[in-house]
Structure formats: structure tokens, C-alpha cells
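To start, the structure itself, in C-alpha cells.
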Amino acid sequence: MTQARFITLEGGEGVGKSTLASGLVRWLDTRGVQILQTREPGGTPIADEIRRVFKSPPAGEDITPETEALLVCAARAQHVAKVIKPALTSGQWVLCDRFADSTRVYQGLFGGVGINEVERLIKFSTGGLEPDLTFLLDCDVTITAGRIGARGADPKGDDVARYDQAGHQVLDRLRQAFRKLAGFYPARFYILDASLPPEKVLQDACAELERRWKL
Ligand code: TMP
């Protein structure tokens, strides 16, 4: 049996993470690897409840960046302890749509909580667990903005999709923050050109999996 691997998908809004996730699950299956597919914030009943508050906070009260950081990290603590670590320990691979890098970018680099505070929260909530490989879906914001516009209401149905009304400038700042982060962890990150058709993005991701782990 191959060693269980922890893979994450990251990127701004509308970059095609869900499509890539389904494609990877199917492809890995053809290689005899069953992978547990999950997402953040969420992934357990308690973490999903926290996601609900995070994505649709009650009206009439602004949520502070610090509260946001604590919420996503609380959800992650539950997710890591109850789902991700047990799966990896039992030998199962895990594919997670967003993980701690989203906190580093959205709350740390972008949201102004500060990267040092965010790193402390991440370490506390994950016990130091980091992915073996992170695919960053990177795409020019004129393309992602078009996709976000085309998909209309939040496809996951659980909020006002907080960045869907964001302008190009905001989307581009998010993109640059992710690229900067990838530069901090060059061995872990693999950048995919998400402006390509989905089948090409998948092909590139699978080639990287083959290269790294001889699947
Ligand atoms: P998504 O499931 O549609 O990608 O939505 C998740 C949203 O939550 C997205 O806007 C990014 C944001 N987010 C954070 O701000 N911090 C985090 O740690 C995570 C996991 C997500």
C-alpha cells in the first residue's frame, strides 16, 4: 500500500477547485487510490455548523477579522481531529478543498489579522499537520470574475458568497497573496494554470501526482 497523502486545493474565487477535485478523485480511483474528499470550512457536523455562522453571520453585526480567524480555526481543529488525522492514520488519502493556506491568505495576508497571529492559531488548531502537496489554481482575475458572474448565486448554497461581488482589484490582491504564499513553501506548492480548460488543468495535476509519487 502506498503511504497515505494529504493533498489540498487552494486559490481565489471561481478558479475551478470543485471541478478539479472531482476529476482527481476519479483519476486516483483508476490508480487504485481511494481518497477521502472534504472541504473547509466544514467537514464534520460541528465544523459545518461553524461554516454556517462564518459564511452567513446574523445580520446587523459586523464580524471582526479576529472572530473570522478563530471560527475557521475552530472548524479546522474539529475537522483535523475527527476526520483528517484518523483517515491518514488508517492509510487513507485525503483531498481537502481549502485548508490552512486559505487562513494565511484570507485572514492573514489579506484580512489584516497578521501572519504571526494566524500562524499561531493554525498550529494550535492543526497540531502542526501540513499537506504533503498543495495545488494552487492560479488564474487571471478577468477570467475568474467572468466565471463568478456566470455561476450566479453561490453554487454551494450556503451564503451570499462573500467575494462574488468583489471587484477585480480585490480578486487580484487575493491572487497575488496566494502566489506570494506559494513562494514561501516552494516544495509543497504546485501552481496550476487555471485559465486552461478544466481537462488540461486536471492533466497537469495528474502528471504532477505521477511525478511525485509514481502512481
Ligand atoms: P468556498 O467553500 O466557496 O471556497 O468558500 C469558502 C470561503 O471561505 C472563501 O471565500 C474563502 C473563505 N475562507 C477563509 O476566509 N478562511 C479560511 O480559512 C477558509 C478555509 C476559507
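Sequence positions, counted from 1, serve as the residue numbers for this chain. Just follow the structure's listing: the first ligand is 1, and inside any ligand the first atom is 1.
- When Glu68, Arg51, Glu13, Glu10 are ranked by how near their heavy atoms come to atom 10 (O) of ligand 1, first place goes to Glu13.
- From Thr19, atom OG1 reaches atom CD of Glu199 across 10.5 Å, with rounding to the nearest 0.5 Å.
- If you number the atoms of ligand 1 from 1 as listed, the ones under 4.0 Å from a heavy atom of Lys17 come out as 4 (O).
- Every atom of ligand 1 is numbered from 1 in the order shown, and the set under 4.0 Å from a heavy atom of Glu40 is 20 (C).
- Once rounded to the nearest 0.5 Å, the distance linking CG of Asp29 with CD of Gln34 reads 5.0 Å.
- Considering backbone and side-chain atoms alike, Asp97 places every N or O at 3.5 Å or more from each N or O of ligand 1.
- Ser56 contributes no side-chain N or O that, together with a main-chain N or O of Val53, makes up a donor-acceptor pair within less than 3.5 Å.
- Between His79 and Cys96, the shortest heavy-atom contact is CE1-SG, 3.8 Å.
- The pair Glu119-Lys123 does not meet the salt-bridge criterion, since no charged nitrogen lies less than 4.0 angstrom from a carboxylate oxygen.
- Residue Thr103 touches ligand 1 through backbone and side chain together, judged by heavy-atom distances below 4.0 Å.
- With ligand atoms numbered from 1 in the order given, ligand 1 contributes 1 (P), 2 (O), 3 (O), 5 (O), 6 (C) to contacts under 4.0 Å with heavy atoms of Lys55.
- Salt bridge Glu10/Arg188: absent, no basic N to carboxylate O contact under 4.0 Å.
- Ligand 1 lies nowhere less than 4.0 angstrom from a heavy atom belonging to Arg39.
- If you look at Arg76 next to ligand 1, the close heavy atoms, those under 4.0 Å, all belong to the side chain.
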